[in-house]
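Below, read A as the first sequence line, B as the second, and so on, with proteins coming before strands; counting in each chain starts at 1. The structure presented is a predicted model; accordingly, all values stated were derived computationally and were not measured.
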Amino acid sequence: MNASEHGFNPAFNMATIKQVVNEAIERVRMPTPMRLRDLIRQIRAARTAAEERGVVNKECAYIRSAFREGDAVWRCRNIAKLLYIHMLGYTAHFGQLECLKLIASSKFTDKRIGYLGAMLLLDERQDVHLLITNCLKNDLNSTTQFVVGLALCTLGAIASPEMARDLAGEIERLLKSPNAYVRKKAALCAFRIIKRVPELMEIFLPATRSLLSEKNHGVLITGVTLITEMCEYSPDTLNHFKKILKNLILAGYSPDHDVSGISDPFLQVKILKLLRVLGRNDVDASEAMNDILAQVATNTETSKNVGNTILYETVLSIMDIKSESGLRVLAVNILGRFLLNNDKNIRYVALNTLLRTVHVDTSAVQRHRSTILECLKDPDVSIRKRAMELSFALVNSQNIRTMMKELVAFLDKADPEFKAPCSSNIVLAAERYAPNKRWHLDTLLKVLGGAGNYIRDDVIVSTIQLISESTNQQSYMSLQLYKALSQDLMDKQPLTQVAIWAIGEYGDLLLQAEVDEDGNSPPSEEEVIEIYQRVLWSPQNTSTTKQYALMSLTKLSTRFHSTTDKIQQIISSFCSSLHIELQQRGVEYSQLFGKYTHLRASLLERMPPMEVRQSENGSNGDMEEEMRSEEPSPQHSIMKNDSNILLDLLGASDSLDVDVQSNMLNSQTISSTNNQDLLDLLGGLDTIVPSVPTSDSGIGLIMENNNGSIPSLPILNNQNSNFLNEDLISSNRVNENDVPTMLAYDKDGLKIVFSLEKIPDSNMLTVNVTASNNTLSTMTDFLFEAAVPKTFRFNILPPSGTVMQPNGQISQILKINNPNQVIIHENTYQFSNYSLLILIDSLQY
Amino acid sequence: MMQFMLLFSRQGKLRLQKWYVAHPDKLKKKITRELITTILARKPKMCSFLEWRDLKIVYKRYASLYFCCAIEQDDNELLTLEVIHRYVELLDKYFGSVCELDIIFNFEKAYFILDELLLGGEIQETSKKIVLKAIAAQDLLQEEETPQGFLMIMA
């Protein structure tokens, strides 16, 4: 440790002695500050937060004064203490300049701590960066490899665009250094510089090429990282890398880089990732790497996590490149095997990856259906969630019965957080693929029973509608619902509401119902009335449910014969209810038994079957197949340029024109607003132009398209009837909390749903826009635009984001105000008056 | 690319933080707090990954210490577990069966080791031996210039 051990260098030692003497004098002059170790001990000994704060504040005050006096001897120690204090969450910005002074020192210890401090206390926002750039430049030219290493490491962590520009030249020089330690760090620095300032890539290209033929793994892996970042521009490196990968797998054992018998998994993964980038969208390149990927996929030892890590990366690469179908099946089968793995992390990864590929390789994934369903029972909640999502993606008309059986069973036992999405998804799937009405109704009934109070309101509405539509199932359904209601001890509001509605509507059919398979016979009138009494008096039931019950009971008075008096008695007891809604109903309905009793029968007639909704998908799965074949694959759309996508969106509107026109007949206001919409749309485009890279052609296309037909995307209009229908149903019960939803747009994996909410006692309507990305790629630059007629005012709040990951969501709120109360009909929101236009700006897949 | 790495104790005390992206201090604190609470609330049976904002969080517990990394969407979460494990192995070799106290009292060393394993959020060296050699050589450099022996004579 002392000089004699390391060879005697008189010059060096003279300097050292001089320095030491100076320091010793300083030390005598200044009191010795607390050591880092002692400070940490003191802080840890503090029993309360206040006590800790006290110690820290005292020390910080001391450090500040030491900094002020320009104390150089203890600067290093003080900064180290400050870094510890900073980690505890206290502010330490006053140490920034001192870090720079340390870096400028000639001692390695000072530099080491100084750079550490710089990485922790500075980030690229700080102004001191001009100063640090100079320090870095000096140290990058140092003769000591470790000093260069520290500078490179710091640059890699906090490189700002300006720093990147200033130091790119130095890094390029170091990339050619004969020293592997410096070279690998320089390669990653170059990687960071390119990430910050892509234009700087040119400088590094020649030097990077030589990194490919490296033997040193450190340099090789950093080189591969750098190339992966670059290689979108230079695909001809492919052949070279194929060889390296082959060597790695076949030559195998290099104990130094070994993890559980697999040679350098870190490097293998990096290279597989590079292959993926090289093969993406390139048929020839993909063809060339098919063999090597198959080899890795079959030859990798899978008993340990590392092996599976490599297989996972291989699968990702296979899925992403234009690989042959056999290879894709192999990849899906690897994931299938992952699902059986004991390690929960591997199961999770498998489900996640399957979820991303299920739309591309449905049949291959279908083969693992039973394993996926098994995962619904996994103890890990995040695995169960993925498994549920994947299961719903796999449902089709062939397997609907078995899948639903499992999923309904899952729903019964699921945690509350799963119940709402799971029940809504079951309802959707049943609507799409139900083999027959009876099965559909049975499934809905099971959902109502299984999900309890966690059901979304749309489930209630669609169940009631379905019962109303299926005229020949009504007596069966009312019996089943009666049975469920009489056995329900949990006060499940949605179930109660549906059951009460059905019994009220079809009370006469209920009494004559046939004995069902389980041997349930229809109840007597008295039994039914008893249930109503229970519902009406139970404190657990909401007032909405009780409103349903009162209405339904009144209806029963015309369908039942022997219990009319009892019914009248119950209803009149509500004339003094404390709840104003219930009291009003009590009073009103009582009138039907007194003065207006002759009107009662005709007033309370059964509602006509509700119109069949224009469901986008028929009740069989055939249409689904067609839709899928039309869906462009994500790879395909990547190659499209922006103008194509815009064209696509406008193209979509063409097919909707028919609906638009038919709607014009319905509502006269639309034709006048449409012109305005055209202006709005074009006006809106102006603001969009800057963000569309190929703006010229894009705009041209839009104009061209607009000339011919009624322009833009009033996509909503074809849904109007649907929405109004729903509104009719809900007008049965005045319920302001009810939130109708409508599908506004669903194409190419982008789905936009509106949920509408009227703010009580105002002329405001809130539209919650939820956009979701069902493709496998990220959507960026999401922009939602809308327009309303001039008599309305509206306000678009900022969206929750502009980038949608696969399966991600963006939500946004629109507030529409109708200050003059134009055209609004009492409680009905005439949605047709709000011509909302949607333009999705340059969807970059 | 790894965006940041956090080490924290079962009590929720931060022991190490390494950021490879620039955020204001306030945001860093917020992220740290949020992740520590989320991860500590997870049960041991749950898997090591979670989706958080647009990042993937990979974490693993070693004795009393949680190692938590945030990676981007196209990164390999299983490999990140290997990176964490490699870091733990390195700490273990350096300190000789490492424990939380070693990292508390020698946090700067823990940073130095991490900086030899990762740079700018990417792996820079896959050989344990080379990393430890580099650290040892730098420690030696520090010892050589600290004139302790000489001072003792003076005193």
Side-chain angles (χ1 to χ4, degrees), chain A residues 1-2 6 16-17 20 24 37 40 80 83-84 87 89 107-109 112-113 116 123-125 146 152-153 156-158 160 181 184-185 188-189 191-192 217-218 221-222 225 256-257 259 264-267 269 305-306 308-309 312-313 344-349 379-383 778 803 805, chain B residues 1 13-25 29 43 45-50 54 73-74 76-79 81-83 85-86 104-105 107-108 111-112 115-116 119-130 134 137-138 141-151 154-155:
Chain A
M1 299 315 140
N2 58 36
H6 291 277
T16 318
I17 290 166
V20 167
R37 188 161 279 269
I40 296 175
L83 292 181
Y84 185 79
M87 186 147 59
K107 278 164 78 181
F108 183 71
T109 315
R112 217 178 177 193
I113 293 289
L116 179 63
D123 59 45
E124 59 190 58
R125 289 148 208 276
F146 296 118
L152 286 170
C153 189
I158 59 172
S160 65
Y181 180 82
K184 71 182 182 197
K185 285 178 194 274
L188 282 183
C189 262
F191 157 79
R192 282 305 294 253
H217 277 217
I221 193 170
T222 51
T225 309
D256 206 23
H257 299 277
V259 177
D264 206 338
F266 299 103
L267 183 53
V269 166
N305 182 50
V306 265
N308 289 318
T309 306
Y312 172 45
E313 196 68 34
K344 50 191 181 293
N345 293 332
I346 290 173
R347 290 199 301 272
Y348 175 86
V349 162
D380 184 345
V381 62
S382 25
I383 290 181
T778 307
V803 177
Q805 301 297 340
Chain B
M1 192 191 97
K13 283 245 193 275
L14 188 64
R15 295 298 180 214
L16 208 74
Q17 53 174 340
K18 187 78 196 176
W19 297 82
Y20 296 108
V21 284
H23 290 309
D25 238 20
K29 270 187 207 162
K43 300 193 179 68
K45 265 191 296 185
M46 295 179 171
C47 67
S48 305
F49 314 128
L50 55 121
D54 55 346
Q73 281 303 324
D74 58 345
N76 186 326
E77 48 270 70
L78 294 177
L79 190 75
L81 280 180
E82 290 297 325
V83 172
H85 189 72
R86 173 58 61 92
I104 295 172
F105 283 101
F107 69 94
E108 78 280 12
Y111 277 121
F112 296 150
D115 284 342
E116 288 295 329
L119 196 156
E122 292 283 352
I123 305 164
Q124 62 163 312
E125 183 54 68
T126 58
S127 151
K128 278 183 264 188
K129 230 198 237 158
I130 294 181
Q138 291 176 71
L141 211 58
Q142 249 182 290
E143 272 173 45
E144 274 172 0
E145 66 184 17
T146 312
Q148 221 134 32
F150 191 74
L151 242 189
M154 296 271 297

Peer 1: I'd like to verify something: which residue of A/Ile40, A/Ile346, A/Thr225 has the highest number of heavy-atom pairs under 4.5 Å with chain B?
Peer 2: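 Among A/Ile40, A/Ile346, A/Thr225, the one with the most close pairs to chain B is A/Ile40.
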
Peer 1: Picking from B/Glu77, B/Glu108, B/Lys29, which has the most non-hydrogen pairs under 4.5 angstrom with chain A?
Peer 2: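 So the answer, after comparing B/Glu77, B/Glu108, B/Lys29, is B/Glu77.
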
Peer 1: Minimum heavy-atom separation for B/Cys47 and A/Asn345, please, with both atom names.
Peer 2: CB-OD1, 3.2 Å

Peer 1: Check whether any side-chain heavy atom of B/Lys45 sits under 4.5 Å from a side-chain heavy atom of A/Asp380, and report yes or no.
Peer 2: no

Peer 1: Side chain, backbone, both or neither: which part of B/Lys43 has a non-hydrogen atom closer than 4.5 Å to chain A?
Peer 2: neither

Peer 1: What's the shortest heavy-atom distance between A/Phe146 and B/Ala134, and which atoms?
Peer 2: CE2-O, 3.8 Å

Peer 1: Please name the pair of heavy atoms, one in A/Tyr84 and one in B/Arg15, separated by the smallest distance, quoted to 0.1 Å.
Peer 2: OH-NH1, 4.4 Å

Peer 1: Checking A/Arg192 side chain against B/Gly121 main chain: does a donor-acceptor pair fall under 3.5 Å?
Peer 2: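 Between the backbone of B/Gly121 and the side chain of A/Arg192 there is no qualifying donor-acceptor contact (under 3.5 Å).
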
Peer 1: Between B/Ile123 and A/Ile221, which heavy-atom pair has the shortest distance, and what is it?
Peer 2: O-CG2, 4.0 Å

Peer 1: At a heavy-atom separation under 4.5 Å, does A/Tyr181 approach chain B through its side chain, its backbone, both, or neither?
Peer 2: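 Answer is side chain: those atoms of A/Tyr181 sit under 4.5 Å from chain B.
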
Peer 1: If you count heavy-atom pairs within less than 4.5 Å of chain B, which of A/Leu152, A/Val381, A/Ile383, A/Val349 leads?
Peer 2: A/Val349

Peer 1: To the nearest 0.5 Å, tell me how far B/Thr126 OG1 sits from A/His217 NE2.
Peer 2: 6.5 Å

Peer 1: Go through it in stages, so that I can follow the logic: the residues are B/Glu116 and A/Lys185, the test is salt bridge (Lys or Arg N to Asp or Glu O under 4.0 Å), and I'd like the CA-CA distance, side-chain angles, deciding distance and then a yes or no.
Peer 2: CA-CA 9 Å; B/Glu116 288 295 329; A/Lys185 285 178 194 274; 3.4 Å; yes

Peer 1: Please round to the nearest 0.5 Å and tell me the distance separating atom OG1 of A/Thr109 and atom CD of B/Gln138.
Peer 2: 11.0 Å

Peer 1: Would you call B/His85 and A/Val306 a side-chain contact if the rule is heavy atoms closer than 4.5 Å?
Peer 2: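 A side-chain contact under 4.5 Å is absent here.
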
Peer 1: Quick one: does B/Gln124's side chain have a donor or acceptor within less than 3.5 Å of a partner on A/Leu188's backbone?
Peer 2: no

Peer 1: Is there a donor-acceptor pair under 3.5 Å between the side chain of B/Asn76 and the backbone N or O of A/Tyr312?
Peer 2: no

Peer 1: Answer whether the closest heavy-atom distance between the side chains of B/Val83 and A/Phe266 falls below 4.5 Å.
Peer 2: yes

Peer 1: Show the nearest heavy-atom pair for residues B/Leu79 and A/Pro265, with the distance to one decimal.
Peer 2: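 Scanning both residues, the minimum pair turns out to be CD1-O, 4.2 Å.
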
Peer 1: Just how far is it from atom CG of B/Asp74 to atom CD of A/Glu313, taken to the nearest 0.5 Å?
Peer 2: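 Separation between the atoms: 8.5 Å.
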
Peer 1: If I take atom CZ from residue A/Arg112 and atom OH from residue B/Tyr111, how far apart are they, to the nearest 0.5 angstrom?
Peer 2: 14.5 Å

Peer 1: Against chain B, label A/Phe108 side chain, backbone, both or neither, depending on which of its atoms sit under 4.5 Å from a heavy atom there.
Peer 2: both

Peer 1: So what's closer than 4.5 Å to chain A heavy atoms on B/Phe107: side chain, backbone, both or neither?
Peer 2: side chain

Peer 1: Side chain, backbone, both or neither: which part of B/Leu81 has a non-hydrogen atom closer than 4.5 Å to chain A?
Peer 2: side chain

Peer 1: Do other residues, nucleotides or ligands put more than 12 heavy atoms under 6.0 Å from A/Lys344 NZ?
Peer 2: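 More than 12 heavy atoms, drawn from other residues, nucleotides or ligands, come within 6.0 Å of this atom.
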
